[in-house]
Colleague: 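This is the structure I have questions about; it appears just below.
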Amino acid sequence: MAPAKYYHSVQLQSDKCQGCVSCVKLCPTEAIRVRNGKAEILGDRCIDCGACAAGCPYHAFTVQTDTLEGLAKYAYNIVLPAPSLYSQFPANVPLKDIWQGLHSLGFDEIFDVSLASEYIAKEIETYLKNYTGGRKPLISSTCPAVMRLIQVKFPELIKQVVPVLAPAEAAAVYVKREAAARKHLPEGLIGVWFISPCPSKETNIRQSVDVQQTALNGSFSLSEIYGLLLKNMGGDKELNVRTGSSYGLGWGAYGGELASAGITNGLAVHGIDNVYDILEQISMNKMPQLDYVECHACQGGCLGGILAAENKFVAECNLRQRITDLRSQEPASRQETMAKTMVLADFPASAAYRKKLVPRPMMQLDDDIMEAMKKFERMEEVLCALPGLDCGACGAPSCQGLAEDIVQGKAHEIDCIFKLRASVHKLSQGMLELAKQIPIYHEPKILNNTEDDDYEG
Ligand code: SF4
Ligand code: SF4
């Protein structure tokens with residue numbers, strides 16, 4: 001079976017690649033190879049986490065996002081600012097200045113994602129309360145890169161993923177339907193746009209892993225919008241925008257999901273390597289005592305996405321300050337606070353929009369089972385002969401990866417520098433041995449006093 005085609009917002013510009021192999025070891029799914037001095041991405045393994053783009057010293061990766069020209073396709077455009085956008089600005093910058101800036105960029109309406117986060121938090125709380133009998137901990141589903149990591153590397157954990165929509169998707173479904181009714185427009189003429197801090201969210205709009213049909217029409221890079229906002233902030237236009245409570249705002253950073261769903265027996269894990277480690281532990285059933293694990297592929301949560309403009313520590317400080325300021329004006333009880341901002345009370349349950357998360361079929365050694373077994377045996381032999389250092393210098397992330405590439409005919413044993421050195425050594429020894437067997441050539445002696453010298457003819 002041919003491998004499925006996957007859309008990827010993370011793309012490589014080969015002309016910029018210097019073949020340094022830095023990205024090979026950064027990829028959590030071993031999706032990068034460097035062959036003939038250039039990196040290549042194996043599409044069926046890539047989860048669009050962006051780790052390679054963050055780590056390439058030559059900036060050889062790009063992330064495909066939409067441009068504002070796309071707004072012209074719709075009669076009415078709604079933008080969904082998320083807490084990750086607000087985190088880019090100091091806490092004393094009024095949100096209305098940001099909203100007015102968005103309006104001046106061409107958006108007719110602004111709908112704050114934190115309102116949807118609170119609805120999703122309620123769904124998570126209810127799901128957890130009614131969850132009986134299955135394995136724990138449950139795993140959050142809001143980071144698309146984590147969902148893809150589970151598909152590719154930990155399909156056995158799919159049952160533990162909480163089946164709710166990501167807040168931006170929930171917001172899009174709600175506001176598109178509501179605006180269509182209010183404006184007497186067909187939903188097809190309403191454009192709903194997200195401002196994305198990371199490539200995985202952009203990819204999930206083009207090719208969703210968990211939604212039947214997305215209500216989002218596209219997304220813009222957070223750093224690009226941030227740059228435009230700096231020039232267009234403020235204005236006199238009165239905008240009718242509601243925000244969620246401090247709990248909805250908290251979703252921008254790690255731990256916000258736990259706090260808004262009232263989960264005390266849970267972990268918030270961020271950074272793709274940390275997430276990988278935790279999923280491995282959960283897969284081995286090493287933490288059944290936990291109720292819930294909130295996972296973010298990016299360091300610091302969404303505000304640490306590679307498309308963010310501000311330093312992630314500064315952004316986190318900005319957001320936490322906003323949360324503290326807001327919470328000081330709210331009732332002490334979380335439920336009471338969230339009930340005040342719950343505008344999505346009539347929102348249909350996530351289940352109506354989600355599709356089942358399924359394992360992602362990876363490239364097999366061979367379609368034919370007998371041939372695959374032969375290749376597997378050959379791979380084991382090749383692997384035994386490799387040094388087992390997983391150094392990455394060969395352009396594969398591990399010796400196992402190189403062994404697989406060799407049996408697939410995509411690499412050679414001497415791509416391993418240790419095997420190459422051994423081959424060169426063997427060759428030079430052979431040449432020395434050969435040299436010993438060649439008869440020694442003796443130069444004829446040249447006599448100084450020849451008979452000719454005496455010849456006086
Ligand atoms: S990090 Fe990867 S993509 Fe960037 S230059 Fe090195 S090998 Fe090429
Ligand atoms: S985006 Fe992530 S999964 Fe894809 S190649 Fe880069 S590091 Fe690997």
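For ligands, and for the atoms within them, numbers begin at 1 and follow the listed sequence. Values below: every heavy atom of this structure, side chains too, minus hydrogens, waters and symmetry copies. Along the sequence shown, the residues carry numbers beginning at 1.
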Colleague: Using 30° and 60° as the class boundaries, would you call the ring planes of Tyr226 and Phe89 parallel, tilted or perpendicular?
Modeller: tilted

Colleague: So, Phe220 versus Phe194, ring centres under 6.0 angstrom or not?
Modeller: no

Colleague: Show the nearest heavy-atom pair for residues Ala91 and Asn318, with the distance to one decimal.
Modeller: CB-O, 3.8 Å

Colleague: Indicate yes or no for a side-chain donor-acceptor contact from Lys176 to the backbone of Ala215 under 3.5 Å, with no hydrogens or angles considered.
Modeller: yes

Colleague: Everything protein-side that's N, O or S and under 2.8 Å from atom 4 (Fe) of ligand 2: list it, residue and atom.
Modeller: Cys46 SG

Colleague: Judged by modelled atom types alone, do Tyr76 and Glu109 share a side-chain donor-acceptor pair under 3.5 Å?
Modeller: yes

Colleague: Sort by chain and number the protein N/O/S atoms that are closer than 2.8 Å to atom 6 (Fe) of ligand 1, and list them.
Modeller: Cys20 SG

Colleague: If we count only N and O atoms by modelled type, under 3.5 Å, do the side chains of Gln213 and Lys355 hold a donor and an acceptor together?
Modeller: no

Colleague: Only heavy atoms of Leu12, strictly under 4.0 Å: list the atoms of ligand 1 that pass.
Modeller: 3 (S)

Colleague: Counting from 1, what ligand 1 atoms have a heavy atom of Phe61 closer than 4.0 Å?
Modeller: 3 (S)

Colleague: How close do Pro397 and Ile32 get, heavy atom to heavy atom, and via which atoms?
Modeller: CD-O, 3.8 Å

Colleague: Over all heavy atoms of both residues, which pair between Arg177 and Glu187 is shortest? Give the atoms and the distance, please.
Modeller: CA-OE2, 3.5 Å

Colleague: Just checking Phe111 against Tyr174, ring centres under 6.0 Å apart?
Modeller: yes

Colleague: Any luck finding a side-chain donor-acceptor pair between Glu294 and Ser140 under 3.5 Å?
Modeller: no

